[in-house]
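Heads up: the structure comes next, in C-alpha cells.
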Amino acid sequence: MMRVWAWGALLFGCMYFALPLIGMTEFSLSMRRGEYSFDAYRVVLADPRFQATFAYSVVMALVTIAFGVLLVVPTAYWVRLKLPKARPWVEFITLLPLVIPAIVVVFGYIRLYNTSSVLPLTGSVMGTNLLLMFGYATLALPYMYRSVDTGLRTIDVATLTEAAQSLGAGWVTILGRVILPNVLASVLSGAFLTFAIVIGEFTMAALLDRPAFGPYMQILGANRAYEPAALAVIAFGITWACMGLIGLVNRFSRHTQAKR
Amino acid sequence: MGFLDLDRLEKSFNETRVVRDFSLSVEKGEFVSFLGPSGCGKTTTLRMIAGFETPTSGAIRIGGQDVVNVKPNRRNIGMVFQSYALFPNLTVAQNVAFGLKVSGAPRDRIAARVDEMLAMIGLPDLGGRYPFQLSGGQQQRVALARALAPAPQVLLLDEPLSALDAQIRVSLRSEIRAIQQKLGITTIYVTHDQEEALSMSDRIVVMHKGIADQVGTPSEIYNSPATRFVASFIGTLNQVDAVVEDPANGTVEVGGQRLVLGRALGRARGARVALAVRPQALRIGAPGPGEVGLSARVVETQFLGAVQRIVVDLGGAPLSLDAFNRAGAHLPQTGSQVTLSAAAEDVLVLVD
C-alpha cells in the first residue's frame with residue numbers, strides 16, 4: 001500500500017514539473033494550424049534582435065565569468081590559507097545577493113554611479129556595460145564562491161602552497177599553475193551557473209537599459225503568441241546544456257578521479 | 001661555523017614558547033635528524049628553516065647568509081612533506097620539472113634533469129603517470145625527486161615516512177640515505193621514530209618541550225643519554241632511584257643494596273640520582289671483573305621470539321633484562337631470587 005502512495009507522489013511530482021514544459025513545448029510547435037512545425041523557432045532565430053541580444057548576453061556572460069574567476073579564486077584561496085577565522089563572514093557576504101533582490105542592487109548602483117556622481121558610470125555605454133557586469137558578478141557570487149570553496153576543500157591548499165613555495169614559485173605561479181588547475185572542475189561548475197544566470201537575467205539589464213537577452217524575451221512575450229514559447233524552450237535548453245556540461249566536466253577531469 | 005647555522009632560535013605562538021634557545025651547526029653534506037615526541041618543536045624548527053614560520057628571535061644562516069628575512073621561495077631549499085604534496089594536476093615528470101620550470105631553466109636541460117631524477121629514484125618509466133596512479137611509496141619517491149631536481153642547498157624532510165606501511169618505511173629509509181650520501185646534500189630530517197633517526201643520521205638532535213636535550217651521534221645518544229628524557233625516549237631503559245653514598249668511587253645505595261661503580265659521580269653525598277641500564281646490558285649470573293652485581297626477585301618472564309625478556313623486582317622497582325633466545329636456554333622460575341650483573345660502565349647516572 002505504501003508503495004502505491006510513493007509511486008503516486010512521484011508521478012504527481014513529475015507531472016507538476018513536466019506538464020507545463022510539455023505544454024509549452026507543444027504550444028511552441030503549433031504555430032502552423034493543424035500540424036507541428038518549427039516555424040516559431042525559425043522566426044525567433046531569424047530575428048536580428050534575437051541574434052543581437054543573445055550575442056550581447058553571451059559576451060556579458062563570458063566577461064562576468066572571467067571577472068568572477070579572477071575575483072573569487074584568489075579570495076577563496078586566501079581565506080582558506082591565511083584567514084580561516086574569517087570564513088563564516090566571507091560566506092555570509094557571498095550569500096547576501098540571494099536575499100537582496102536584484103532590483104535593490106541595481107537601484108543602489110544607479111544612485112551611486114549616476115551621471116551627477118563622482119564616478120558617473122551610467123554616463124557612457126561602456127560604463128553601463130561595466131556596471132551591469134559587476135551586477136551580474138554579484139548575482140552569481142553565491143554560486144561561484146560556493147563551487148570554488150568546495151573545490152578548494154578537496155585539496156590540501158596549505159601543503160600544496162608550501163610545496164610550490166619551496167620549489168621557488170611566487171603567488172601568481174602558485175595560483176595559476178597549482179591552485180586553479182586543481183579546482184578547475186569547480187570553477188567551470190560556477191562558470192556554467194553564472195552563464196545560465198546571465199542569459200536569463202532581466203531586472204538589471206532592463207533597468208540599466210542594456211540590449212540583453214532577458215529584456216528581449218520580455219518584449220517578445222508581451223507582443224507575440226508562439227515565439228515566446230519557442231524562446232522559453234531555447235532558454236531552458238541552454239540552462240540544461242550548462243547543467244549537463246557541469247556533469248561532463250566533473251566526470252572527465254582526469255586527476256580528480258582518484259580518491260585522495 | 002657550519003654550512004647551516006641555527007643561532008639561539010626562539011619561536012612563540014602567543015604565550016606558548018614552542019622552540020627555546022635552539023642552536024645548532026650543521027656541516028655541509030651532513031644528515032641531521034630532529035627526534036622527539038609530537039609537540040616538541042621539531043617541525044616548527046624545520047618550518048623556520050624552510051621559511052614557513054618566522055622566528056620570534058635568533059638567526060638562521062645558510063652558507064653564511066642570514067635567511068630569516070628571505071621568502072621561502074627564494075631560499076633554495078628542497079622540502080619533502082609527510083603527505084607527499086604532489087601536484088595532483090601534473091604528471092610525475094611535470095611534478096619533478098616544476099622547480100626547474102619556475103626557475104626558467106631551458107627545456108632540454110629540464111628534460112635531462114627529470115630523466116636523471118626519475119632514474120635515481122628507480123621510477124624511470126613512470127614519468128607519464130599522475131600521482132593518483134602511484135602507491136604511497138612511489139609518490140614519496142617522486143616528492144623526493146621533485147625536491148632535489150632544482151639542486152637545493154639544503155634538503156628538509158618532515159616525517160616523510162610516517163604515512164607509509166612498515167615494510168616500505170624500512171626500504172625507503174635506506175634509499176633516502178643512499179641518495180643523500182650520493183648527492184652529499186645537507187639534510188635535516190624530522191621524525192618521531194627513533195629507529196629511523198638512529199639508522200639514518202650522522203647526528204641526532206633529541207628535542208623535548210622546545211629544547212634540544214642532546215645533540216650527538218646515534219651511538220652517543222643511545223649509549224650515553226644525557227638527560228632522563230633522552231634516556232626514556234630512546235630505546236628501552238631501566239631506571240631506578242638511588243642515593244649517592246660515596247661520590248669519589250661511585251658508591252650508591254639502590255633498593256637496600258650497595259653498588260660500587262668505580263668512577264667519580266660529581267654529585268654530593270646523599271644526593272638522589274637515577275641509575276639507568278639497557279635491558280640487553282643486564283645478564284643473570286655472578287659479576288665478573290669490571291662488572292657490578294645486584295640481587296633481585298624474578299616477577300615475570302616473556303617470550304618475544306628472538307629475545308626473552310625477564311622482569312625482576314629490585315627493592316620495589318621493576319627492571320627488565322633481555323637475553324637472546326638460544327636453543328637450550330632456560331628461563332628462571334618466577335619468584336626465584338637471581339643475581340643480575342652488568343658492566344659498571346653500562347650503568348648510567350642520569351641528570352634531570
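Proteins get letters first, then strands, A, B, ... in listed order; numbering begins at 1 in each. Any value given below was found using the heavy atoms of this structure, including those in side chains, with hydrogens, waters and symmetry copies removed.
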Using non-hydrogen atoms only, which part of [X] is less than 4.5 Å away from chain A: side chain, backbone, both, or neither?
{"X": "B:L86", "result": "backbone"}
{"X": "B:S83", "result": "side chain"}
{"X": "B:P72", "result": "both"}
{"X": "B:K101", "result": "side chain"}

Can the ring centroids of B:F22 and B:F34 be said to lie less than 6.0 angstrom from one another?
-> yes

What about the rings of A:Y136 and A:F67, do their centers lie closer together than 6.0 Å?
-> no

Establish, for the pair B:R146 and B:F87, whether the NZ or CZ atom is under 6.0 angstrom from the six-membered ring centre and no further than 45 degrees off its axis.
-> yes

Between A:T159 and chain B, which part of the residue has a heavy atom less than 4.5 Å away: side chain, backbone, both or neither?
-> both

Are the charged groups of B:R173 and B:D193 less than 4.0 angstrom apart, N to O?
-> no

Can you list the steps and then say if B:E196 with B:Y189 is a side chain to side chain donor-acceptor pair (under 3.5 Å)?
-> CA-CA 10 Å; B:E196 253 170 55; B:Y189 188 98; 2.8 Å; yes

